[in-house]
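Notes follow the structure.
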Amino acid sequence: MTSRFTKPDSRWFVHDRFGMFIHWGLYAMPARHEWIRSREEISIADYQKHFEHFDPDLFDPIAWARMAKRAGMEYFVITTKHHDGFCMWPTVHTDYCISNTPYQKDLIRMTVDAFRAEGIKVGFYYSLIDWHHPEFTIDRIHPMRNNAAERARNPLRDMRKYAEYMRNQVLELCTQYGKIDLFWFDFSYPGEDGKGHQDWQSEELYAIVQELQPHALVDNRLDLPDVGDFVTPEQFQPAGGLRGADGKPVVWEACQTFSGSWGYYRDEHDWKSVDMLVRMLVDGVSKGGNLLLNVGPTARGLFDQRAIDRLEGIADWMRLHSKSIYGCGAMPDGMTQPTDCRYTYNAQTNRLYLHIFAWPFRDIYCPGLGDQVAYAQFLHDGSEVHFGAVGEASWAGMGGYADQVPLAFQVPIIKPDVVVPVIEIFLK
Ligand code: GLC
């Protein structure tokens, strides 16, 4: 399919591999899911108390940016507006924005400045869905979906006006904050009582980004077949590398939460461990994908201690292991991953990284690696790792089948003290 749109360069994105998602808004106050208005069918009037009391007095974007940087995140994506329609910047197109809360200050500008100062690339999440805008029709996921009186007013609502509102807002976001590296529009749900590209007037919306920020990558949720610089699996790790209709690998980014919800959820307890999060990052890169890991700051503007602990754990790992992430992707065709391991591969340096998810007894058998290995070391301390066809010596004398044993790395009995040990393999 030919498109009138140009394809921006996604090399930085594929190289960087790891970003921070930030879901922040009024929903941090009720603190029980960013979809609270829809889940609990809360009216605008009943949600208003949060707008009137939003005052994140401890907000310190420099601290956020430093935590992201230490964790190895090279880009970030922040909610400029989520489904509740509240705008985190002082837009002139609605009163329902930060300027009219007790806090008043432009949270987007402060965050963008702080992250940029750390050298982190800037992404804007913008919700296509808006449960506050008067022209937005009631549909199957709307908080007022079961309210007959609100439903009855649908014919009086004009989605074309809402689409124009979005264009005006995206124009602000494209012109007031300097270079934006990425846009994350969220989301389409076409079909009965849903919404899709015709409702959003997606082509026109996208054309604004193309014109004003032509280098910016845009996600694939605008419901346009020819728009989408990256695919966005959400809250799951794909089974393997993702491929397009033509069979070629596509650029993708899994977005993941710490605990299930995106916004700050005080009483949610399913927090993933550092160990699991690192393995998710590695797993994605081994399949040629990125990880966008979400933080939901509190209503006072802090990262929850549970988030800080995890970011620090990831930082400890990344400090020693980022070489197996940045610039890396899936292993070369024809290789087989050893049991309980993930390979990532840096084509530029021709190094293969063996991530050991479960610690084995001594030998890691690597079928297919044959005589391709020139040298190997642990990544965390640069200590040499021996390899060869093990078992050979002992088996030979016992009439063994040494010739059938694949190349193996010999690791110590005790697992090194890092969450996921990595062997750096210099290929011939
Ligand atoms: C979903 C949700 C939303 C979240 C997004 C992030 O589409 O609607 O709450 O912002 O996923 O990927």
Side-chain angles (χ1 to χ4, degrees), residues 13 18-42 47 50 73 75-88 107-108 111 123-133 136 139-143 145 166 169-170 173 182-191 193-197 199-200 202 217-224 227-238 242 251-266 268 270 272 277 280-281 284 289-297 307:
F13 183 76
F18 191 24
M20 175 181 276
F21 219 170
I22 301 176
H23 274 70
W24 199 32
L26 301 182
Y27 43 80
M29 301 174 75
R32 51 180 197 278
H33 207 275
E34 74 287 349
W35 275 57
I36 178 174
R37 273 204 57 209
S38 174
R39 285 185 163 194
E40 301 180 19
E41 302 186 29
I42 297 172
Y47 196 62
H50 303 306
M73 293 152 157
Y75 63 101
F76 88 112
V77 182
I78 187 167
T79 49
T80 57
K81 177 188 92 165
H82 203 258
H83 308 339
D84 64 6
F86 176 70
C87 300
M88 301 286 276
L107 296 168
I108 296 302
T111 312
F124 283 163
Y125 171 107
Y126 181 84
S127 175
L128 300 165
I129 300 164
D130 193 319
W131 298 324
H132 185 272
H133 198 280
F136 191 95
D139 57 34
R140 65 173 191 251
I141 61 173
H142 195 285
R145 59 192 171 275
M166 288 203 289
Q169 291 209 312
V170 168
L173 294 172
L182 180 153
F183 277 88
W184 227 100
F185 292 105
D186 194 36
F187 64 81
S188 301
Y189 45 111
D193 209 14
K195 286 184 173 66
H197 66 96
D199 302 282
W200 320 129
S202 294
L217 303 182
V218 176
D219 69 339
N220 67 335
R221 296 189 176 192
L222 281 162
D223 188 31
L224 292 175
V227 170
D229 301 308
F230 57 98
V231 180
T232 53
E234 174 175 336
Q235 305 245 33
F236 70 94
Q237 288 295 118
L242 297 175
V251 177
W252 63 270
E253 172 198 70
C255 51
Q256 301 285 6
T257 62
F258 282 135
S259 63
S261 70
W262 300 91
Y264 175 62
Y265 197 136
R266 185 188 57 203
E268 195 166 60
D270 264 355
K272 298 172 183 77
L277 293 161
M280 287 162 70
L281 171 63
N290 285 25
L291 173 63
L292 185 65
L293 183 58
N294 181 74
V295 181

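Counting starts at 1 for both ligands and their atoms, following the listed order.
Put simply, CE on M88 and CD1 on I78 are 5.5 Å apart, with the number rounded to the nearest 0.5 Å. One distance of note links CG of L293 with CG of L281; it measures 8.5 Å at 0.5 Å rounding.
Heavy atoms of Q235 come nearer than 4.0 angstrom to ligand 1 in no pair at all.
Contact annotation: the side chain of P190 approaches that of D223 to within less than 4.5 Å [non-hydrogen atoms, C-beta and beyond].
Those atoms of ligand 1 that come under 4.0 Å of a heavy atom in W35, given as number and element, are 2 (C), 3 (C), 8 (O), 9 (O). Below 4.0 Å from some heavy atom of Y125 lie the following atoms of ligand 1, by number and element: 10 (O). Those atoms of ligand 1 that come under 4.0 Å of a heavy atom in R221, given as number and element, are 7 (O), 11 (O), 12 (O). Taking a cut-off of under 4.0 Å to the non-hydrogen atoms of F187, the atoms of ligand 1 that pass are 7 (O), 8 (O). Under a 4.0 Å criterion applied to the non-hydrogen atoms of H82, ligand 1 contributes the atoms 3 (C), 4 (C), 9 (O), 10 (O). Interface of C255 with ligand 1, defined as ligand atoms under 4.0 Å from a residue heavy atom, comprises 12 (O). Residue F21 has at least one heavy-atom neighbour below 4.0 Å for each of these atoms of ligand 1: 6 (C), 12 (O).
Nearest to atom 5 (C) of ligand 1 by heavy atom, out of V77, D186, I129, is D186.
Taking the six-membered ring for Trp and the full ring otherwise, the centers of F230 and F13 sit less than 6.0 Å from each other.
Sparse packing is recorded around CZ of R266, with 12 or fewer heavy atoms of other residues, nucleotides or ligands lying under 6.0 Å away.
The protein atom (non-hydrogen) at minimum distance from atom 1 (C) of ligand 1 is E234 OE2, 3.0 Å. Of the protein's non-hydrogen atoms, the one nearest atom 9 (O) of ligand 1 is E34 OE2, 2.8 Å. Protein heavy atom nearest atom 10 (O) of ligand 1, with residue, atom name and distance: H23 NE2, 2.5 Å.
Ligand 1 has no N or O atom lying under 3.5 Å from any N or O atom of W184, backbone or side chain.
The side-chain tip of K195 points at the ring of F136 from less than 6.0 angstrom away and within 45° of straight on.
The backbone N or O of V231 lies less than 3.5 Å from no partner atom in the side chain of E253, so there is not a single donor-acceptor pair.
Across all non-hydrogen atoms, the minimal contact from V295 to P297 is O-CD, 3.3 Å.
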